[in-house]
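Report on the structure given below.
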Amino acid sequence: MASHQKNVGILAMEIYFPPTCIRQEVLEAHDGASKGKYTIGLGQDCMAFCTEVEDVISMSLTAVTSLLEKYGVDPKQIGRLEVGSETVIDKSKSIKTFLMQIFEETGNTDIEGVDSTNACYGGTAALFNCVNWVESSSWDGRYGLVVCTDSAVYAEGPARPTGGAAAIAMLIGPDAPIAFESKFRGSHMSHAYDFYKPNLASEYPVVDGKLSQTCYLMALDSCYTRFCQKYGKLEGKQFSIDDADYFVFHSPYNKLVQKSFARLWFDDFLRNASSVDEAAKQKLAPFSTLTGDESYQSRDLEKAAQQVSKPSYDAKVVPATLIPKQVGNMYTASIYAAFASLIHNKHNSLAGQRVLMFSYGSGLAATMFSFRLRGGQLPFSLSNIANVMNVGEKLKSRHEFPPEKFVETMKLMEHMYGGKDFVTSKDCSLLAPGTYYLTEVDSMYRRFYAKKAGANTTSIACENGSHANGH
Ligand code: ACO
């Protein structure tokens, strides 16, 4: 049955990433990698990381309180809270329950939802849960809230430069400036060991890098085929790249995003879609007889497809690459950080445009879906979202660590992971006012957070390292 609610989607967004980062050029030299491997080869500029005072819980507390404050949303107006994360802090207690501290203070404990986990896909699962709730008969008229929060860290080696960290909060409801076109979703889910975290004593994943790239591209092809089939059936015409104004990808590193968009061009060529002109057809024709497997391995195809898609990539993809290139892979937050980049760069001209989204989580789960953008009304307008996220300022005010200090931080975090009975340095000098930070993990593994003074404080704010549960 059709939903009564119209244009359900994202009303408001806030993004938080740690102010501590390392430049890829510097890391590359420190690691002894050939010059250009991380910057050109992976396409990355910079990587954010948590220090000992930050984690996925502190980042999400910061993102949620900031969203509520800046858009003037009363915590009582939230009826569902869903978290996507693959950074395991507790095998039972959800991150969502930590966030409940914000809502309990106002007497609102009537909030459905828990955490969703499947590598980088958990945030999309959380988002779908909220959108489906608002579209359902159990919706009670309040907002949904989705939080994607992850700290992406890898052991020393080739995967380490593809880390990152961030939390994103998204308010969900009807009449949204970022409206879902729910009927066009295409998914691909299967069993693969491309990236997984079987060692519960370590924060680091086990990763088969090459396999993860192929799995990502295979899932992309499959989702795109299904998305196009649904579009064709419902709209009575073929979908092609021309039918979307922007493309936003889950972004482990920028090179994979370049390859992914090129792959969609090859897919359009194989489907004989109108988006592929004669010149491009001639360049791609030699590859039309490759089997699927051969096509994933063909460097010549990759090169030719990237070449023919380049102008289109610059126009339809580049505006959504800023934050992932500057912050790195943020796992569940990665695709929404890419989308936030698009809003940051283009908020004045997005009304009426369609954005195609590709979400991928290893293991694997993937969905392609689309948004139709609308101008919106204050405070829920595209330009206010750009204003609140203040991405330019957040990027500018970061602190670059030298590689030795970065490596030292990673070692300290390894040591702290899963630990108990310690207090942190409580050094929040690098954090912006209003940022939450970890102060203590007690002998029962209970975690305590404080909020750096200075910004508008919420009622659960605890200064100077006192416990966030009100002590
Ligand atoms: N100048 C320019 N380019 C260079 C240079 C150089 N000096 N040196 C290497 N390159 C290029 C390579 O040619 C390659 O480009 P290509 O992919 O177009 O061939 C690129 O840099 C990377 O080099 P590789 O040797 O392929 O890198 P390596 O195998 O050491 O590691 C990888 C890359 C596999 C991505 C690794 O970082 C990793 O495992 N990351 C984590 C897994 C991941 O992010 N997977 C993505 C999907 S799953 C997910 O989101 C977690």
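As the structure is a computational prediction, the values presented were derived from the model and not from experiment. Whatever order the structure lists ligands and atoms in, that order sets their numbers, starting from 1.
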Flag [X] as yes when one of its N or O atoms lies below 3.5 Å from any N or O atom of ligand 1, and as no otherwise.
X	answer
Tyr216	no
Gln213	no
Pro158	yes

To the nearest 0.5 Å, what is the distance between OG on Ser309 and CG on Asp268? 11.0 Å
Could you tell me whether Ser362 approaches ligand 1 through its side chain, its backbone, both or neither, with non-hydrogen atoms closer than 4.0 Å? side chain
Between Asp194 and ligand 1, which part of the residue brings a heavy atom under 4.0 Å of the ligand: side chain, backbone, both or neither? neither
Among Tyr360, Phe339, Tyr216, the one residue meeting side chain to side chain contact (heavy atoms under 4.5 Å, CB included) with Phe249: Tyr216
Just going by heavy-atom distances, which of Lys37, Glu302, Gln258, Lys259 is nearest to atom 16 (P) of ligand 1? Lys259
Closest to atom 18 (O) of ligand 1 (heavy atoms only, candidates Lys255, Met330, Glu86) is Lys255
In plain terms, say whether Asp314 and Lys310 are close enough for a salt bridge, that is, a side-chain N and a carboxylate O under 4.0 Å apart. yes
Is ligand 1 less than 4.0 angstrom away from at least one heavy atom of Tyr38? no
Would Arg160 count as a contact residue for ligand 1, given that I'm defining contact as a non-hydrogen atom of the residue lying under 4.0 Å from a ligand atom? no
Please verify the inter-ring angle class for [X] with [Y]; under 30° counts as parallel, over 60° as perpendicular, anything in between as tilted.
X	Y	answer
Phe371	Phe369	perpendicular
Tyr154	Tyr331	perpendicular
Phe261	Tyr313	tilted
Tyr196	Tyr193	tilted
Tyr143	Phe380	perpendicular

Counting from 1, what ligand 1 atoms have a heavy atom of [X] closer than 4.0 Å?
X	answer
Tyr154	41 (C), 51 (C)
Ser34	5 (C), 6 (C), 7 (N), 8 (N)
Ala159	36 (C), 37 (O), 38 (C), 39 (O), 40 (N), 41 (C)

Among all the protein's non-hydrogen atoms, which is closest to atom 43 (C) of ligand 1, and how far away is it? Ser212 OG, 3.7 Å
Other residues, nucleotides, ligands: >12 heavy atoms within 6.0 Å of Lys281 NZ: yes
Hey, is atom 35 (C) of ligand 1 under 4.0 Å from any protein heavy atom? yes
